[in-house]
Chemist: 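Attaching a single structure in structure tokens format; questions to follow.
A, B, ... follow the sequence lines: proteins, then strands. Residue 1 opens every chain. These numbers were taken from a predicted model, which means no experiment stands behind them.
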2 protein chains.
Amino acid sequence: MAVARRPGAYVCGIDAAMDVIGGKWKVLILWALHERPCRFGELRRELPGVTEKVLASHLRELEADGVVHREEYDEVPPRVEYSLTPRGVSLNEALAPLGAWGRDHVLAPAREAASAPR
Amino acid sequence: MAVARRPGAYVCGIDAAMDVIGGKWKVLILWALHERPCRFGELRRELPGVTEKVLASHLRELEADGVVHREEYDEVPPRVEYSLTPRGVSLNEALAPLGAWGRDHVLAPAREAASAPR
DNA sequence: CGGTATCCTGGATGATACTG
DNA sequence: CAGTATCATCCAGGATACCG
């Protein structure tokens with residue numbers, strides 16, 4: 001993924017968007033920030049298993065893609081807060097149908113067609 | 001990605017869905033099949049740059065996830081046709097807003113809010 | 001607290017050749 | 001035509017350590 005927004009070569013909008021959310025933790029970061037702005041340490045706790053390096057790298061990419069805003073407070077101790085930009089909010093909204101699909105078709109195995117709702 | 005549908009451990013529907021469409025070419029395969037059923041060789045031509053191995057592997061995973069149907073005709077020469085299942089169609093529909101977002105926010109650089117981002 | 005700097009590994013992807 | 005088999009490569013992601 002590195003820095004999303006590869007030079008040209010997008011076939012359609014979907015793979016362009018995939019390039020923005022293509023990191024392993026990116027949609028989860030967006031999901032967490034969707035609920036409220038978070039500090040670095042908070043995000044780390046929200047995403048069990050992510051390393052600092054990867055979290056920092058994903059945040060920088062999301063910032064470069066204009067979906068995450070980074071607000072740095074020049075205090076001691078240092079404080080940085082991440083939040084969604086309007087673009088990030090709209091991305092999250094565009095992701096919602098996909099989330100619903102995943103819930104219905106991946107997370108809820110049975111109870112799809114019209115039979116045996118457990 | 002291997003075989004999407006990792007054992008548990010999904011935080012929300014979105015990353016579950018991401019696991020299904022997480023291959024480099026998967027959304028493009030879905031996009032191509034959305035227009036019409038395709039044979040293996042057709043798909044290969046639709047996706048310039050994909051190798052046979054990766055295409056076959058992605059197709060098998062999409063089939064295992066129930067979004068692609070594989071119809072094998074026992075003829076000479078051999079013929080196999082891939083198409084979307086109803087589940088695949090709904091996945092594609094869930095992907096549409098994301099595609100629209102990518103078009104508006106990644107492919108079309110300017111002309112967004114009312115100013116000049118980037 | 002909020003990172004950066006290195007080094008490293010595994011899995012996804014690619015190239016090529018071969019088969020039913 | 002529609003793959004499979006093998007080998008090579010690339011790089012996102014992870015582990016660890018250190019810095020302002």
Chemist: Measuring from atom CG of B:L55 to atom CG of B:L28, what distance do you get when rounded to the nearest 0.5 angstrom?
Modeler: 11.0 Å
Chemist: Over how many whole Å does the gap from A:F40 atom CZ to D:dG20 atom P extend?
Modeler: 17 Å
Chemist: Whole-Å distance between D:dC11 P and A:E61 CD?
Modeler: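 Distance check: A:E61 CD to D:dC11 P gives 14 Å.
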Chemist: Between atom CZ in B:R70 and atom C1' in D:dA2, what is the gap in whole Å?
Modeler: 8 Å
Chemist: Which is true for A:R60 with a 4.0 Å heavy-atom rule: it touches a base, it touches only sugar-phosphate, or it touches nothing?
Modeler: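 Sugar-phosphate, backbone atoms only, no base.
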Chemist: Measuring from atom CZ of A:R60 to atom NE2 of A:H58, what distance do you get when rounded to the nearest 0.5 angstrom?
Modeler: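 Reported value, rounded in 0.5 Å steps: 10.5 Å.
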Chemist: Could you label the plane-to-plane angle of the A:H105 and A:W101 rings as parallel, tilted or perpendicular, counting under 30° as parallel and over 60° as perpendicular?
Modeler: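 Geometry flag for A:W101 against A:H105: parallel rings.
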Chemist: Between A:H58 (NE2) and C:dT4 (C1'), how many Å, whole number?
Modeler: 16 Å
Chemist: Which value, rounded to the nearest 0.5 Å, describes the distance between B:L95 atom CG and B:K26 atom NZ?
Modeler: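 These two atoms lie 12.5 Å from each other.
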Chemist: With a 4.0 Å cutoff (strictly under), does any side-chain N or O of A:Y82 reach OP1 or OP2 of C:dG3?
Modeler: yes
Chemist: Is there side-chain contact between B:V67 and B:I21, with heavy atoms separated by less than 4.5 Å?
Modeler: no
Chemist: Could you check how far CD1 of A:I29 sits from C1' of D:dA12, rounded to whole Å?
Modeler: 14 Å
Chemist: When you look at CH2 of B:W25, are more than 12 heavy atoms from neighbouring residues, nucleotides or ligands closer to it than 6.0 Å?
Modeler: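 Yes, CH2 of B:W25 has more than 12 neighbouring heavy atoms, counting only those of other groups under 6.0 Å.
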Chemist: Hey, does the side chain of B:R45 come within less than 4.0 Å of D:dA2's phosphate (OP1/OP2), counting only N and O?
Modeler: no
Chemist: Just by protein heavy atoms under 4.0 Å, how would nucleotides 14-20 of chain C read 5' to 3' in B, S and -?
Modeler: BB-B--B
Chemist: Taking atom C1' of C:dG3 as reference, at what distance in whole Å does atom CZ of A:R79 sit?
Modeler: 16 Å
Chemist: Would you kindly give the CG-to-P distance between A:D19 and D:dC11, to the nearest whole Å?
Modeler: 13 Å
Chemist: Can you measure A:L59 atom CG to D:dA12 atom C1' for me and round it to whole angstrom units?
Modeler: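 Answer to the nearest Å: 16 Å.
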Chemist: Is it true that B:R70 and B:E72 make a salt bridge, defined as a side-chain N closer than 4.0 Å to a carboxylate O?
Modeler: yes
